[in-house]
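First comes the structure, then the notes that go with it.
Here the structure is a predicted model, which means the values were calculated and not measured.
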Amino acid sequence: EYYWEPKCELKGAERVDKGCKADGRHRQCRFCGSGDYADVPCPVQQCTFSAEPNIPHFWDSTCEVGKKGCNADGIHVECRFCDAKPFLDVPCPPEAR
């Protein structure tokens, strides 16, 4: 697995933080959670609401700022509302809550 870690640091070609530059191109792309990187924890990818909404939602890694339903929790752009007004045209996956 991999994730985007803005805090990854590199010095020249030498990797300072374990797992950084996982894609061979971006220093912030970081391996995590298995194999040689089992000791690098993967971040929890879940919405964070102060009060759970009545609107279904899920984690959508394709979300972007301004895309319908994205940033549902006001914290994570990837948190997305679905399958309820006004998000009826955003289908919910089976794991949506």
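- Of all the heavy atoms in Ala72 and Phe49, the pair that sits closest is O-CE2, 3.4 Å.
- The aromatic ring centres of Tyr2 and Phe31 sit 6.0 Å or more apart.
- Hydrophobic cluster membership of Val77, counting Ile, Leu, Val, Met, Phe, Trp and Tyr whose side-chain heavy atoms lie under 4.5 Å apart directly or via other members: Val65.
- Note that CZ of Arg30 is 10.0 Å distant from SG of Cys42, once rounded to the nearest 0.5 Å.
- Note that the CZ atom of Phe58 and the CZ atom of Arg80 stand 5.5 Å from one another [nearest 0.5 Å].
- The distance from atom OH of Tyr37 to atom SG of Cys20, rounded to the nearest 0.5 Å, is 9.5 Å.
- We find the OH-CD distance between Tyr3 and Gln28 to be 11.5 Å, quoted to the nearest 0.5 Å.
- Rounded to the nearest 0.5 angstrom, Glu5 CD and Asp17 CG are separated by 7.5 Å.
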| task | Show the numbers, then the answer: is there a side chain to side chain contact (heavy atoms under 4.5 Å, CB included) between His76 and Thr48? | result | CA-CA 8 Å; His76 305 98; Thr48 307; 3.2 Å; yes
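- Remark: Glu52 pairs with His57 by the side-chain hydrogen bond (donor to acceptor under 3.5 Å, both in side chains) rule, at least two apart or across chains.
- Between Asp39 and Lys18 there is a salt bridge, since a side-chain N of the basic residue sits under 4.0 Å from a carboxylate O of the acidic one.
- Asp60 approaches Thr62 most closely through the heavy-atom pair OD1-OG1, 2.6 Å.
- Taking NZ from Lys67 and CD from Glu78, the interatomic distance works out to 11.0 Å, rounded to the nearest 0.5 Å.
- Here the two cysteines Cys29 and Cys8 have their SG atoms 2.5 angstrom or farther apart.
- In terms of modelled atom types and a separation under 3.5 Å, the side chain of Lys68 and the main chain of Cys82 share no donor-acceptor contact.
- A donor-acceptor contact shorter than 3.5 Å links the side chain of Asp23 to the backbone of His26.
- Per the SG-SG cut-off, Cys70 and Cys79 are not bridged by a disulfide [distance not under 2.5 Å].
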